[in-house]
Protein chains: 2
Amino acid sequence: MTPDSFTKPPRKPRADGERNRARLIEAARKVFAEKGAGAGLEQVAREAEVGIGTLYRHFRSRDALITSIYQQEIDTLIDAAPALMNELEPLPALREWLLQFVDFLETKQGMADVLSTLIGGTAALYSGTSECLAHAIEALTANAVDEGALDLDLEPLDLLRAIGGVANLTPGENWRQSAVQMIDLLLKGMQRDSD
Amino acid sequence: MTPDSFTKPPRKPRADGERNRARLIEAARKVFAEKGAGAGLEQVAREAEVGIGTLYRHFRSRDALITSIYQQEIDTLIDAAPALMNELEPLPALREWLLQFVDFLETKQGMADVLSTLIGGTAALYSGTSECLAHAIEALTANAVDEGALDLDLEPLDLLRAIGGVANLTPGENWRQSAVQMIDLLLKGMQRDSD
DNA sequence: AGAAATGTGGAGGGCGCCTCCGTTTAAATA
DNA sequence: TATTTAAACGGAGGCGCCCTCCACATTTCT
């Protein structure tokens, strides 16, 4: 129906546009890392040496900017799942992946918004990122269930939500330890009864 | 050291002050219920037919207002703990209390801020509410551990954080079911190994 | 080079947070 | 009751963030 060659007028994307987009993402990474999410978008624009208007043309909303930033890291996380399932037994694979998820959260210190954007929110629905993340953990858990290692009564994403809760709501520096303990607790709870 | 009769100059608190405080709390309940937390404080003041300055004198911060609102409900929750420990076996007592915690969350639909204020945040440190909540769940878990029903590797508050994560980050209407399943999963994970 | 499309920048409107301080009003005192 | 005292009031206004809009600049295409 819509053959590529005819549907859209061909036009090379402007060089400055792409350059600025890249600068913005880099600037946002830096600023958010320093000041936590919730830092002013104006500041991001300043850091990128770009007008605020430019920022808003490239990224309609704060969420759009955030997902753009973390898309790459999340893709890495998602891609890691199949590899882990090959290399490890189902349970260790799941555990390892959850640990990597914690690593990911660690770099986003305190960015509650990021989390809800990714696993709760409505925004990720556009990008489909949320679904991919869901697929990854669903695959890991299904794998473990098939092998008889787990019983699972809940939506796999809820595991991430629980971990996220611990990560977000634990004040201070030691949330990581709590998160890891939570992972082991959850895994133990899912372990199939031996009766 | 500080006998009541001498330490403070006696002065009846002004009637209008107390009245306005009450009006503000009531107004805040209403407005937050309608518009979710994050509603403008100015609107709360308007609803209470009071100047914005008055609101800020009674409640230094948004958090202070929020904790004042929910203080009562939380007290109820906290008070329920000892009773449950008397009436039920340790494990069912803990479970029941966690379910009541979910009920509490239910009335705060989507108020992520409330949660972090209560179990994560810095604000509750002033009021001590956070500590009381912590004491309640610590008592419940300690009770179960003493009776040999549980092994516990984590800070009891983390249980609430995990549940809170599920509650906050699950979109739609069905988070309650998820939260309950999470409770059972956590309990199972904490169950002492029978080896 | 000239036309057309695309991108830029930042002023400015809107909004919510919170402070400050001149005025009002209740409680204590005479 | 009249006066004094200090607690409480209220809302204008400063601040900072969000986002839109559009006259102007730059790039690509012909």
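We name chains A, B, ... by the order of the sequence lines, and we start the count at 1 in each one. The structure presented is a predicted model; accordingly, all values stated were derived computationally and were not measured.
- In terms of phosphate contacts, A:Arg11 brings no side-chain nitrogen or oxygen within less than 4.0 Å of OP1 or OP2 of D:dC29.
- At whole-Å resolution of the value, CZ in B:Arg46 and P in D:dG10 are 14 Å apart.
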Side chains of residues 77-85 of chain A: which donor-acceptor pairs under 3.5 Å do they make with residues two or more places apart or in other chains?
none

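- Residue A:Ala45 is out of contact with every strand shown, counting any heavy-atom pair closer than 4.0 Å.
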Which pairs would a plain distance check flag for residues 36-60 of chain B, meaning a side-chain donor or acceptor within less than 3.5 Å of a matching protein atom at least two apart in sequence or in another chain?
unit_1: B:Glu47; atom_1: OE2; unit_2: B:Lys30; atom_2: NZ; d: 3.0
unit_1: B:Glu49; atom_1: OE1; unit_2: B:Arg23; atom_2: NH2; d: 2.8

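- Salt-bridge formation is not detected for the pair A:Asp16/A:Arg19: no Lys NZ or Arg NE/NH1/NH2 atom is positioned less than 4.0 Å from an Asp or Glu carboxylate oxygen.
- Scored by the side chain to side chain contact (heavy atoms under 4.5 Å, CB included) test, A:Ser61 finds A:Asp63, A:Ala64 as partners (sequence neighbours excluded).
- The nearest whole Å value for the distance from the NZ atom in B:Lys12 to the P atom in C:dT25 is 18 Å.
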Do any N or O atoms of the protein come closer than 3.5 Å to N or O atoms of nucleotides 7-10 of chain C, and which pairs are they?
unit_1: C:dG7; atom_1: O4'; unit_2: A:Arg14; atom_2: NH1; d: 3.3
unit_1: C:dT8; atom_1: OP1; unit_2: A:Asn20; atom_2: ND2; d: 2.2
unit_1: C:dT8; atom_1: OP2; unit_2: A:Arg57; atom_2: NH1; d: 2.8
unit_1: C:dT8; atom_1: OP2; unit_2: A:His58; atom_2: NE2; d: 3.4
unit_1: C:dG9; atom_1: OP2; unit_2: A:Gly51; atom_2: N; d: 3.1
unit_1: C:dG9; atom_1: OP2; unit_2: A:Thr54; atom_2: OG1; d: 3.0
unit_1: C:dG10; atom_1: N7; unit_2: A:Gly53; atom_2: N; d: 3.3
unit_1: C:dG10; atom_1: O6; unit_2: A:Gly53; atom_2: N; d: 3.3

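- Rounded to whole Å, the distance from CZ on B:Arg19 to P on C:dA26 is 8 Å.
- Across the protein-nucleic acid pair, B:Arg23 atom CZ and D:dG10 atom C1' stand 14 Å apart, rounded to whole Å.
- If you measure from atom CZ of A:Phe59 to atom P of D:dC18, you get 15 Å, rounded to the nearest angstrom.
- The side chain to side chain donor-acceptor pair (under 3.5 Å) pairs that include a residue from residues 140-157 of chain A are A:Asp151-A:Arg192, where partners are two or more places apart or lie in different chains.
- Distance check, rounded to the nearest 0.5 Å: CG of B:Leu98 to CD1 of B:Ile183 gives 5.0 Å.
- Atom CZ in A:Arg62 sits about 13 Å away from atom C1' in D:dG16, given to the nearest Å.
- If you take CD of B:Glu42 and C1' of C:dT19, they are 12 Å apart, rounded to a whole angstrom.
- Spacing between atom CG of B:Leu24 and atom C1' of C:dC18 amounts to 15 Å, rounded to whole angstrom units.
- Toward the 5′ end of DNA chain C lies the nearest nucleotide of B:Tyr56, the other residue of the pair B:Tyr56 and B:Ala15 mapping further downstream.
- For the side chain to side chain donor-acceptor pair (under 3.5 Å) condition, the pairs that include at least one residue of residues 81-98 of chain B, sequence neighbours left out, are B:Arg95-B:Asp184.
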